[in-house]
4 protein chains.
Amino acid sequence: MPTKKKPQVTASPERRRELLDTAAEVFAAQGYNATTVRKIADHAGMLAGSLYYHFDSKESMLEEILRTFLDELWHGYDSVLDSRLGPRETLEALVTESFREIDRHRAAVAIYQKESKHLAVQERFEFLAASQRKFEKAWLSTLERGVAAEVFRADLDIRLTYRFVRDTVWVAASWYRPGGQHSPEEIARQYLSMVLDGIAVRVTQP
Amino acid sequence: MPTKKKPQVTASPERRRELLDTAAEVFAAQGYNATTVRKIADHAGMLAGSLYYHFDSKESMLEEILRTFLDELWHGYDSVLDSRLGPRETLEALVTESFREIDRHRAAVAIYQKESKHLAVQERFEFLAASQRKFEKAWLSTLERGVAAEVFRADLDIRLTYRFVRDTVWVAASWYRPGGQHSPEEIARQYLSMVLDGIAVRVTQP
Amino acid sequence: MPTKKKPQVTASPERRRELLDTAAEVFAAQGYNATTVRKIADHAGMLAGSLYYHFDSKESMLEEILRTFLDELWHGYDSVLDSRLGPRETLEALVTESFREIDRHRAAVAIYQKESKHLAVQERFEFLAASQRKFEKAWLSTLERGVAAEVFRADLDIRLTYRFVRDTVWVAASWYRPGGQHSPEEIARQYLSMVLDGIAVRVTQP
Amino acid sequence: MPTKKKPQVTASPERRRELLDTAAEVFAAQGYNATTVRKIADHAGMLAGSLYYHFDSKESMLEEILRTFLDELWHGYDSVLDSRLGPRETLEALVTESFREIDRHRAAVAIYQKESKHLAVQERFEFLAASQRKFEKAWLSTLERGVAAEVFRADLDIRLTYRFVRDTVWVAASWYRPGGQHSPEEIARQYLSMVLDGIAVRVTQP
DNA sequence: GATGAATGAGTGTTCATTCAT
DNA sequence: AATGAATGAACACTCATTCAT
């Protein structure tokens, strides 16, 4: 009794990619639940059933979209974290890297924002929770290092600060459009400027 | 325009409130689309069909939840805007008011965050788009006044700043739990401190 | 978070019975796999979806049909086995009881005949395998007792004999029609006569 | 009548045979309806679509399997019937021939057992009904001859006896495994002994 | 001879909604 | 006010079948 099921992962990975990109776009625009496989198929110019030649299920498309995104994201994050920069430089690099990911995976990020919270409880999406924990650890330790090194303020609740920075960055995926007037690096620069120095004009000490 | 069928607005408005609160809680927890009428009815201790004595559709429950929330929100915002404070004080008051609303309408805010974008295109939810426009106008003018008065930095893109402040505040509804260790006012104070002065330690001029 | 799912088992058990009888009839006539829930619903005068108010799934209908049948069957068998008759009388009583069950549960028996073999491997239908084992034990021990008591022939392979008797009886469900010219007891009598004494004329010893 | 599309009956008939044997095995194990074309192709080490080079439909595979089996079966039966044996010898020869066919076409017999009843109503499978009629005629006349010749008992319902013998033999295909401890001839011998003389010990006349 | 990709009809199931009681 | 039972449209998914390569 050989074989499991579909070729899966087999054959042209470009077609898979194309279809996943289409799916991600629709998921991001309408929400995962509100997206029917027919809508995805329509956008891809095929019939609903044909998608099942390439993927096991609607859910497996979602999983692959999110997994691919997180894999790339952590590739970038890890190389930042491994280069052992100072806390402020680490924060700057992480934020910049985040905006680059938003630029490259806007749809996936938007899906992640909207759906990850209620998905993470499912076993299949355990990797979302794992990523979230790793994320939190990286950020908290960076902030703590910064406070210890007296480059970040000590008078702020550190978890609150973590949430503030985290949300502030990722929520940008909901309005960001690639190819707009600002490059990801430019947006990152302005965000960092706000987050680090605030939007108020500084009163210069006499 | 007599109501077609259901009594609607029948009898005790308290029961309506109760049911809407229940519904809002479930919508917030699971997402509007993923929430079945039966789940709401379960939480309310009744059968799915019975809800239709009180409301004429699932969508009308959603509408009433959001409308009620926005009405109260704008009541608060308008009284801030009408009191003609300076730009910085206006910003502080708006943010504080926002956290108070999150405290009182956590579920509604979470729903609003997650669903308003794709709802706003429907005619029925035009009021969401209208509110968003009004919101944008209020914030942009406050920021512009602040830049003009030299209390806010002039070197930042003002629309980017608007989005930054807006998202930063509302996204807090996704993690905020009423009755936690921080009061809404305390959270507002810390957020304002971060937004206005940044998280970096200021280098004191010699 | 209360409630599991459907009322299930709740409400009028007569309606359930009615619907299960209808389903059993269709399953028996067309085979379980070839039976669509729409066909069942048609026979019941309702829409396919409406069946799901009463049952979780097509499979759960099948399970309930088979379980109910086997429960009743074993009720009859056990009272035979408990009365500690001699082997020949036990065999006669079991066969007679079987034809009575075929008379009362013709559809269920036919389904059992056709589907039990490939169903029994599924965990959900483990009770089929269990019943089959219990069945085999009862029959084998009766036959062995009979051989020991010299009322059954000793020159036959006992397992082959078991299969012969077992199949011979149950397969009758495929042609039996309740209300035909023979009562179940009459059919049992003739079957027993064939099984016990054979169809050949006896050559009287001189 | 030129073949519409496919070459059909192309090239090596051995490959056809191989594939049909594979298909028969899967049909027998899982049931015709529950067997997907992909499962057959898996077992044959090819893709589902490739089967359509050899056959023009799943149903035509089934037809060919059953037709081949019945052709061979009737070849054997006819030579028995043509040799004009006495009724008892005819019965013995038919039963023995049947077990030989079960041995050689176990899968086809099992399929025939399970599916023929509901297939026979389709025009395409009219040959099943025809075979059944021919079968019935052969058996009934043999039994009647036996009763007339006083070698079979006259006190039994003859149609009941027919069904008894028929079912008793064919149902063995559901448990028979070629290459087991009993040869088909040995099984036939034991079955005949039971059917003709019964399983009860004869009370010897003093 | 066989593959890869697609089709389209159908399948079991879900769910918002209705309505007589 | 609420229930029990049903509706009907939609949904994710399956599968026999086709066909260009």
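Reckoned from all heavy atoms, side chains included, excluding hydrogens, waters and symmetry mates. So that the names make sense, note that chain A is the first sequence line, chain B the second, and so on, each numbered from 1.
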- request: Kindly say if C:His54 contacts the phosphate of F:dG4, meaning a side-chain N or O under 4.0 Å from OP1 or OP2.
  value: no
query: Is any side-chain heavy atom of C:Lys39 less than 4.5 Å from a side-chain heavy atom of C:Gln30?
result: yes
- request: May I ask you to say whether D:Asp21 pairs ionically with D:Arg17, meaning some side-chain N is under 4.0 Å from a carboxylate O?
  value: yes
message: Using the side chain to side chain donor-acceptor pair (under 3.5 Å) definition, which of the options B:Lys58, B:Gln122, B:Arg124 pairs with B:Glu63?
response: B:Arg124
- request: Tell me which nucleotide among E:dC15, F:dA16, F:dC11 gets nearest to the side chain of B:Thr36.
  value: E:dC15
query: For C:Arg15 and F:dA6, is the shortest distance between a side-chain N/O and OP1 or OP2 below 4.0 Å?
result: yes
query: Taking 4.0 angstrom as the limit, do B:Glu18 and B:Arg15 come out as a salt bridge?
result: yes
- prompt: Could you state the CZ-P distance from B:Arg16 to F:dA1, rounded to the nearest angstrom?
  reply: 12 Å
- prompt: Quick one: on DNA chain E, does C:Val37 or B:Gly49 contact a more 5' nucleotide (nearest heavy atom)?
  reply: C:Val37
statement: Closest to the side chain of C:Ala48, out of E:dT17, E:dT13, E:dG12, is E:dT13
statement: Contacts of D:Asn33 and A:Lys39 projected onto DNA chain F by closest heavy atom; the upstream (5') one is A:Lys39
Watson-Crick or G-U counterpart of E:dG8, or none if no pair lies under 3.5 Å: F:dC15
- request: Grab the OH-P distance between C:Tyr32 and E:dT11 for me, whole Å please.
  value: 14 Å
message: Expressed as a whole number of angstroms, how long is the span from D:Leu51:CG to E:dG4:C1'?
response: 15 Å
- line: By the Watson-Crick or G-U definition, both distances under 3.5 Å, F:dT21 is matched with E:dA2
query: Taking OP1 and OP2 of F:dT17, is either one under 4.0 Å from a side-chain nitrogen or oxygen of D:Tyr52?
result: yes
message: At 4.0 Å (heavy atoms only), tell me whether C:Ser50 reaches a base, stays on the sugar-phosphate, or touches nothing.
response: base
- request: Grab the CG-C1' distance between C:Asp42 and E:dT11 for me, whole Å please.
  value: 14 Å
statement: From CE of A:Met61 across to C1' of F:dC11 the rounded distance in Å is 13 Å
- prompt: B:Tyr32 pairs by ring pair (Phe, Tyr, Trp, His ring centres under 6.0 Å) with which of B:Phe27, B:Tyr112, B:Phe125?
  reply: B:Phe27
query: To the nearest angstrom, how far is D:Leu47 atom CG from F:dT18 atom C1'?
result: 14 Å
Atom-to-atom span, NZ of A:Lys58 to C1' of F:dA10 - whole angstrom: 12 Å
message: What's the closest nucleotide to the side chain of A:Tyr53 if the choices are E:dA2, F:dT7, E:dA6?
response: E:dA6
field: d(CZ, A:Arg38; P, F:dC13) in whole Å
entry: 12 Å
- line: Side-chain contact check for D:Met46: nearest option of F:dC11, F:dT17, E:dA2 is E:dA2
